[in-house]
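Whatever order the structure lists them in is the order used to number ligands and atoms, beginning at 1. These numbers come from a predicted model, not from an experiment.
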Amino acid sequence: MPTAVKITARCLDCGASVPFDPAQPRCPKCGSEWLQAEYDYDLARTIWLAHLHERPFSLWRYHELLPIREAPPTIAMGAGGTPLLRSIHLAPMLKLSNLFIKDERQNPTSSFKDRQAAVTIATLKEAGLTEMVVASTGNVAIAYSAFAARAGIKLWAFLTSLVPQEKMREVAIYGTRLVKVTATYDETKKVAAEFARQRGLYIDRGSRSIPTVESMKTLAFEIVEQLTQFAPDARYGRLPWRVPDWYIQAVSGGLGPLGVAKGFRELYHMGLIDRMPKLGIIQAAGCDPMVRAWEQGKAVADPLPRPSTHITTLATGNPGRTYTFLYEYVREHGGVFARVTDEEAFRAMHMLAKMEGLSVEPATAVAFAGLIQLVREGVIQPHEVVVVNATGHTMPIESHILGDRWARHVVLAQRGEGAAAEAPQEGLVAALSNLAAERYPRVLIVEDHEPARVLLRRILQSLGDYTILEAKDGYEALEIAQREVPDLIILDLMMPGLDGFAVLDSLKAHPNTAHIPVIVVTAKSLNAREQQRLLSQQAKLMYKGEFLSDEFLNEIRSVLAQIRNGTGRE
Ligand SMILES: *Cc1c(COP(=O)(O)O)cnc(C)c1O
Ligand SMILES: [Zn+2]
């Protein structure tokens with residue numbers, strides 16, 4: 001259906017307004033490259049309030065505020081419309097009550113760059129263009145390759161040679177003309193721009209390209225709609241729609257949050273929301289020009305000539321004016337720029353896969369490492385509604401992230417001539433014997449609160465092979481402890497009925513169970529007398545807010561390692 005809403009391009013430098021034309025990327029009055037799309041917002045508001053809820057959940061449902069005439073375009077293949085997942089384990093670990101994950105891995109080429117490619121390619125197809133150029137740290141090139149193939153548009157992709165081979169091959173399968181540039185990403189962009197200029201081809205200029213910024217808006221629209229559906233009294237006619245307190249994303253050039261910010265502004269302008277979210281903008285420590293500028297209170301970022309992060313996806317050393325726009329947003333509406341190390345990101349990557357079932361790429365993990373940091377620092381408050389963009393899937397996992405020992409090897413004995421008579425089961429049984437569960441250390445979790453019990457179970461499952469026993473209260477704990485004599489007890493202190501102190505007393509009083517190491521976990525801080533009491537029982541003390549700390553995990557590991565050595569298990 002052709003849209004009735006007119007699109008204009010307004011110059012951010014001289015204010016001139018001209019009809020939108022993708023082939024005309026500069027202001028005809030002053031030559032500025034900073035044009036911004038504007039629409040008939042009153043008309044869009046009327047249409048959305050009446051019809052938005054009837055439309056399929058993809059980014060095309062917002063076509064009145066996109067620079068396209070036909071929606072959905074023929075090239076559509078399910079970009080956007082990704083799920084907003086409620087965090088299950090990470091939220092309680094961080095003591096957050098409203099943590100949501102926007103699962104952008106579920107886009108056609110597994111990253112949120114599919115929004116950018118889908119909208120831009122649709123725009124170019126409508127304008128009759130048949131050839132274009134991108135510079136990329138990988139994901140943009142992959143997304144554009146797929147949509148260009150559908151649109152019959154020839155694509156030139158300039159990739160820095162730092163991009164992993166797997167991503168390069170993914171680009172190549174679509175028939176894209178791939179140019180590897182041995183240089184930084186910022187230099188690669190210059191080479192691509194010069195190539196496009198010489199040939200007169202359209203080039204995606206990131207934050208300066210209207211379709212590119214417009215595409216990222218759809219994230220804001222979807223998040224608001226989805227949060228509104230999560231609300232118990234959700235109804236479209238009931239305004240305002242629900243806004244998160246935080247939008248958190250790992251950034252390279254900062255296009256994502258720039259587009260998202262425009263999306264929220266438009267919703268606000270239309271009276272559909274009544275406040276703006278804070279932005280959590282996270283960079284890799286080896287490429288952090290925005291964070292540096294922010295810390296110095298500067299509105300302009302100094303370019304970083306040699307980014308030094310292993311996370312290539314985030315290696316934009318010169319964010320240019322995009323930083324200034326984000327800086328102004330954060331000054332006005334709140335938020336923060338923060339950095340995390342590659343190692344913190346890799347750890348968060350494990351955490352997210354093991355705790356939420358989401359395998360993300362290292363760039364995405366940067367956002368989650370940032371989340372953890374901001375919660376620990378108290379910048380993000382427990383009750384706040386937080387949305388983190390899970391920007392991309394990891395494909396495939398780079399081996400340095402897993403380390404060794406990530407698989408068990410089962411070898412079936414070679415069969416000789418006469419072996420055919422042997423029961424086939426036997427070889428299998430022998431091969432599987434070193435995976436036998438009776439060799440695993442046994443850990444008893446004593447916790448009355450179910451979500452906390454589930455969380456502890458999941459943490460143990462992800463740490464290694466343990467046989468996990470669970471008790472809902474002190475009485476059940478003592479009964480299981482007597483019967484099973486576990487190798488370790490993780491004991492909640494505050495329980496109704498028989499509390500942790502009483503359980504501990506009973507365990508220590510009985511010769512069967514007196515030797516079992518106990519890790520006591522508690523939510524409230526203990527007074528001196530209580531601490532002394534635990535000390536005298538030789539119990540280790542851990543606070544519930546510390547489940548994310550390496551200390552807690554290392555404590556469990558080391559206690560269990562001692563047991564293993566002592567008892568000869570495994
Ligand atoms: C491009 C990309 C980013 C960075 O996004 P920008 O908003 O452009 O800075 C983060 N994660 C992934 C997976 C990406 O592909
Ligand atoms: Zn101008």
Next item on the list: Can you sort out the partners of Phe20 under ring-ring contact (aromatic ring centres under 6.0 Å, His included), two or more places apart, ordered by chain and number?
Entry: none
Next item on the list: Please work out whether any backbone atom (N, CA, C, O) or any side-chain heavy atom from C-beta onward of Thr316 is under 4.0 Å from ligand 1, and answer side chain, backbone, both or neither.
Entry: neither
Note to self: Tell me whether Leu314 reaches ligand 1 (any heavy atom closer than 4.0 angstrom to a ligand atom).
What the structure shows: yes
Check: What's the shortest distance from atom 11 (N) of ligand 1 to any protein heavy atom, and which residue and atom give it?
Finding: Thr391 OG1, 2.9 Å
Item checked: Contacts of type side chain to side chain contact (heavy atoms under 4.5 Å, CB included), residue Gln198, not counting sequence neighbours -> Glu194
Check: Does Glu222 reach the main-chain N or O of Leu219 with its side chain, forming a donor-acceptor pair under 3.5 Å?
Finding: no
Next item on the list: In plain terms, say whether Glu361 and Lys113 are close enough for a salt bridge, that is, a side-chain N and a carboxylate O under 4.0 Å apart.
Entry: no
Checklist line | Nearest option to atom 9 (O) of ligand 1, as decided by whichever heavy atom of Ala365, Pro362, Gly256, Ser252 sits closest | finding: Ser252
Check: What protein N/O/S atoms sit under 2.8 Å from the Zn ion (ligand 2), by chain and number?
Finding: Cys11 SG, Cys14 SG, Cys27 SG, Cys30 SG
Notebook entry, point to check: Among the heavy atoms of Pro257, does any lie under 4.0 Å from an atom of ligand 1?
Noted result: yes
Item checked: Counterpart residues, side chain to side chain contact (heavy atoms under 4.5 Å, CB included), relative to Asp245 (two or more places apart) -> Arg275, Glu384, Val385
Margin query: Students should be able to answer this: which protein heavy-atom is nearest to atom 3 (C) of ligand 1, and at what distance?
Written below: Lys113 NZ, 3.5 Å
